[in-house]
Amino acid sequence: MAGCPHSPPCPPAAGPDRDAARVTIRHCDQGWSLLCNGVILFDDTGEILPTGRIIEPRRGLPSLVSTAAAAVVTRHQTALPTPRGRAT
C-alpha cells in the first residue's frame, strides 16, 4: 500500500491508534469501512489488519434480560394510553 497522502499522516495499521485513520471506502450497507492504513473496520468494532490478523470486537455484549422481565417491559411499552379529560 502506498504512503498516506493525508497531513498529518494517518496512524499505521500496526499502531494502537490505527482506528484513527481516515475512511477511504465506506460500506454502511455491509457494516464495514476501509481505512487509509489498510485496516478493515467493522461496525461491531472488529478489525482485519492488512497482515490478515483479526482483532476481535471490543464492544461490550448487551445485558441479558429474563424472559418474564422482557414480557413485562414489552406489555408495558405497547399498552395504549388512557384518554384524559373524558369521564367514563
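Atom set for the values below is all heavy atoms of this structure, side chains included, hydrogens, waters and symmetry mates excluded. Since the model is a prediction, treat every value here as computed from it, not as a measurement.
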Got a second to check how far [X]'s [atom1] is from [Y]'s [atom2], nearest 0.5 Å?
{"X": "Ile48", "Y": "Leu34", "atom1": "CD1", "atom2": "CG", "result": "11.0 Å"}
{"X": "Leu49", "Y": "Ile55", "atom1": "CG", "atom2": "CD1", "result": "4.5 Å"}
{"X": "Phe42", "Y": "Ile54", "atom1": "CZ", "atom2": "CD1", "result": "8.5 Å"}
{"X": "Arg58", "Y": "Asp19", "atom1": "CZ", "atom2": "CG", "result": "5.0 Å"}
{"X": "Asp43", "Y": "His27", "atom1": "CG", "atom2": "NE2", "result": "12.0 Å"}

inquiry  = Any salt bridge linking Arg18 with Glu47? Criterion: basic side-chain nitrogen under 4.0 Å from a carboxylate oxygen.
reply    =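 A salt bridge is present here (some side-chain N lies under 4.0 Å from a carboxylate O).
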
Taking all atoms of both residues into account, what is the closest heavy-atom pair of Cys36 and Thr24, and its distance?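 Shortest heavy-atom contact: CA-CG2, 3.6 Å.
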
On a heavy-atom basis, which atom in Cys10 and which in Arg22 lie closest, and how many Å separate them?
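Nearest heavy atoms, Cys10 then Arg22: SG-N, 3.4 Å.
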
Item checked: Check: Asn37 side chain, Ala21 main-chain N or O, donor-acceptor pair, under 3.5 Å -> no

